[in-house]
There are 2 protein chains.
Amino acid sequence: MRVSAKADYAVRAAAELAAAEEGPIKGGRLAEAQDIPLQFLEHILLELKHHGIVRARRGAKGGYWLARPADEVTIADVVRAVEGPIAHVQSSPPEAIEYRGNAEHLQEVWIAVRASLRSVLEEVTLADLVSGEMPSVVTDLAATPDAWAAR
Amino acid sequence: MRVSAKADYAVRAAAELAAAEEGPIKGGRLAEAQDIPLQFLEHILLELKHHGIVRARRGAKGGYWLARPADEVTIADVVRAVEGPIAHVQSSPPEAIEYRGNAEHLQEVWIAVRASLRSVLEEVTLADLVSGEMPSVVTDLAATPDAWAAR
DNA sequence: ACTTTCCTGACCTTCTTGGTCAGGAGTGCG
DNA sequence: CGCACTCCTGACCAAGAAGGTCAGGAAAGT
């Protein structure tokens, strides 16, 4: 139930790409802008490329850029590319699990958990993230009492 | 962003305890009812005990029972007991992270993610789970289009 | 006393996390 | 052409977590 460093890095790098006005951006610049170890970041960017989130060119004047417009890439896309499916239980998707006895309805709970994660992650685009103008689902949730408090 | 076997097991065992009419229930019976390796389950139950979710007595006629009424124990309580804080990013709570550059607003997203998880996990009690009568937040989410579909 | 059941720590194997290192391959420029 | 620059790729690595198992000790009941 935690967000890995890899996913966090991937979203941050994608945000930098989304904000770029023009031309390919070098890995080194992304690493510096977001304070991410360069060699680790390159592996992450490669995964993003394999998943069609990002494109790249080598050589001088090379670098990375988004494969699609920033308002068509969601945070869920980026997270899935590096972390795999969201909200799996015991490495299986919740709809594939069969519960017995008094835990029978647990499946519905995990389905709801996944749906609630999706309702946030699939709603926020990289363009939203960069502009700071979040969809209402985010501002509403962030405004709930204790949303910023530890538990 | 996944649910561990341990958390899944813990909730299922807690559901069995919540459904128990009377008296302590033996670990062996829980393990059998939910098909969980007994020795692993005992470690989990011990953690639940240390977190005040469960109580126990040894010896013949011994076993485990809930420390509080089933409608006062949420799934979030159980999950936190065995997995630690929900929705940490890079092992830190989202409110403690400072983002730079174009990722500045990412913090709000992770806060919203945590709030959305809480809105489900803190709302469902063990009593709800056993009865199958879920709070509306769960039924609403489970009824959204594609909630049961993979991505 | 003796059985039952919880309690605890040690241990184990495999996988994941969060990286680093070394080198190969494509691109652009002089 | 040659060279510098940058991405691309696989190998490796240390530490920790995941998902258990094993052996024994300590309370409770009969």
Side-chain angles (χ1 to χ4, degrees), chain A residues 1-13 17 20 23-32 34-67 79 81-85 88-92, chain B residues 1-13 17 20 23-32 34-67 79 81-85 88-92:
Chain A
M1 246 29 188
R2 50 184 288 278
V3 178
S4 67
K6 205 157 127 185
D8 190 52
Y9 290 163
V11 175
R12 283 155 59 189
L17 291 181
I25 304 198
K26 288 181 276 189
R29 262 189 64 195
L30 296 173
E32 197 181 354
Q34 288 297 324
D35 203 23
I36 301 170
L38 172 59
Q39 309 190 103
F40 190 37
L41 178 59
E42 286 187 327
H43 282 267
I44 293 169
L45 288 164
L46 196 58
E47 282 188 77
L48 291 180
K49 191 193 157 202
H50 288 156
H51 282 81
I53 310 288
V54 140
R55 305 197 60 182
R57 185 172 23 240
R58 310 192 234 206
K61 304 290 292 179
Y64 303 89
W65 65 95
L66 290 180
V79 171
V82 299
E83 277 201 340
H88 271 208
V89 179
Q90 293 218 46
S91 308
S92 308
Chain B
M1 247 30 188
R2 50 185 288 278
V3 178
S4 67
K6 205 158 128 184
D8 189 53
Y9 289 164
V11 176
R12 282 154 59 188
L17 291 181
I25 303 197
K26 289 181 274 187
R29 262 189 63 195
L30 296 174
E32 197 181 355
Q34 287 297 325
D35 202 22
I36 301 170
L38 172 59
Q39 309 190 103
F40 190 37
L41 178 60
E42 286 187 328
H43 282 267
I44 293 169
L45 287 164
L46 197 58
E47 281 188 77
L48 291 180
K49 191 194 157 201
H50 287 156
H51 281 81
I53 309 288
V54 140
R55 305 197 61 183
R57 185 172 23 241
R58 310 193 233 204
K61 303 291 290 179
Y64 303 89
W65 64 96
L66 289 180
V79 171
V82 299
E83 277 202 340
H88 271 208
V89 180
Q90 293 217 45
S91 309
S92 307

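Chain A is the first sequence line, chain B the second, and so forth, proteins listed ahead of strands; every chain is numbered from 1.
For B:H50 and C:dC7, the shortest distance from a side-chain N or O to OP1 or OP2 is not below 4.0 Å. Contact annotation: A:K6 side-chain N/O to C:dT17 OP1/OP2 distance is not under 4.0 Å. Within the structure, a side-chain polar atom (N or O) of B:Y9 is placed less than 4.0 Å from OP1 or OP2 of D:dG20.
Atom-to-atom, CG of A:L30 to C1' of D:dT6 comes out at 13 Å; the value is rounded to the nearest Å. If you measure from atom CE of B:M1 to atom P of C:dT16, you get 18 Å, rounded to the nearest angstrom. What separates CH2 of A:W65 from P of D:dC7 is a distance of 11 Å, to the nearest Å. Atom-to-atom, OH of A:Y64 to C1' of C:dT27 comes out at 14 Å; the value is rounded to the nearest Å. As a whole-Å value, the separation of B:L38 CG from D:dT21 P is 9 Å. Atom pair A:L46:CG and C:dG24:C1' shows a separation of 14 Å (rounding to whole Å applied). Rounded to whole Å, the distance from CG on A:L45 to C1' on C:dG19 is 15 Å. The CG atom of B:D8 sits 14 Å away from the C1' atom of D:dA18 (whole-angstrom rounding).
Here A:G63 lies in heavy-atom contact (under 4.0 Å) with sugar-phosphate atoms only. Among the heavy atoms of the strands lying under 4.0 Å from B:G27 are primed sugar atoms or P, OP1, OP2 only; no base atom is included. Across all strands shown, B:R2 has heavy atoms under 4.0 Å from sugar-phosphate atoms exclusively, and none from any base.
Closest to the A:Q39 side chain, of the nucleotides D:dT21, C:dT20, D:dC8, is C:dT20. Minimum atom distance to the side chain of B:E42 is reached by C:dC6, of the listed D:dG20, C:dC6, C:dG18. Taking the side chain of B:F40 as heavy atoms from C-beta on, and the options D:dG20, C:dG19, C:dC6, the nearest nucleotide is D:dG20. For B:K26, the listed nucleotide lying nearest its side chain is C:dC6; candidates were D:dC7, C:dC6, C:dC7. In the set D:dG20, D:dC8, C:dT20, the nucleotide with an atom closest to the side chain of A:P37 is C:dT20. Considering only the side chain of B:S4, D:dG19 comes nearest among D:dG19, C:dC6, D:dC7.
Taking 4.5 Å as the limit, some side-chain heavy atom of A:L45 sits within range of a side-chain heavy atom of A:L30. The shortest distance between side-chain heavy atoms of A:Y9 and B:Q90 falls below 4.5 Å.
Interatomic distance, A:I44 CD1 to A:D8 CG, rounded to the nearest 0.5 Å: 9.5 Å. Remark: B:Y64 OH to B:R29 CZ distance equals 14.0 Å, nearest 0.5 Å. The CZ atom of B:R2 sits 11.0 Å away from the CE atom of A:M1 when rounded to the nearest 0.5 Å. Taken to the nearest 0.5 Å, the CH2 atom of B:W65 stands 11.5 Å off from the CD1 atom of B:I25.
Each of A:R57 and A:E83 lies near DNA chain C, and the nucleotide nearest A:E83 is the one positioned closer to the 5' end. Projected onto DNA chain C by closest heavy-atom contact, B:G62 and B:S91 fall at different nucleotides, the more 5' of which corresponds to B:G62. For the pair A:A60 and B:K61, nearest-nucleotide mapping onto DNA chain D gives the more 5' position to A:A60.
Checked by distance alone, B:H43 brings no side-chain donor or acceptor within 3.5 Å of a matching partner on the base of D:dG19.
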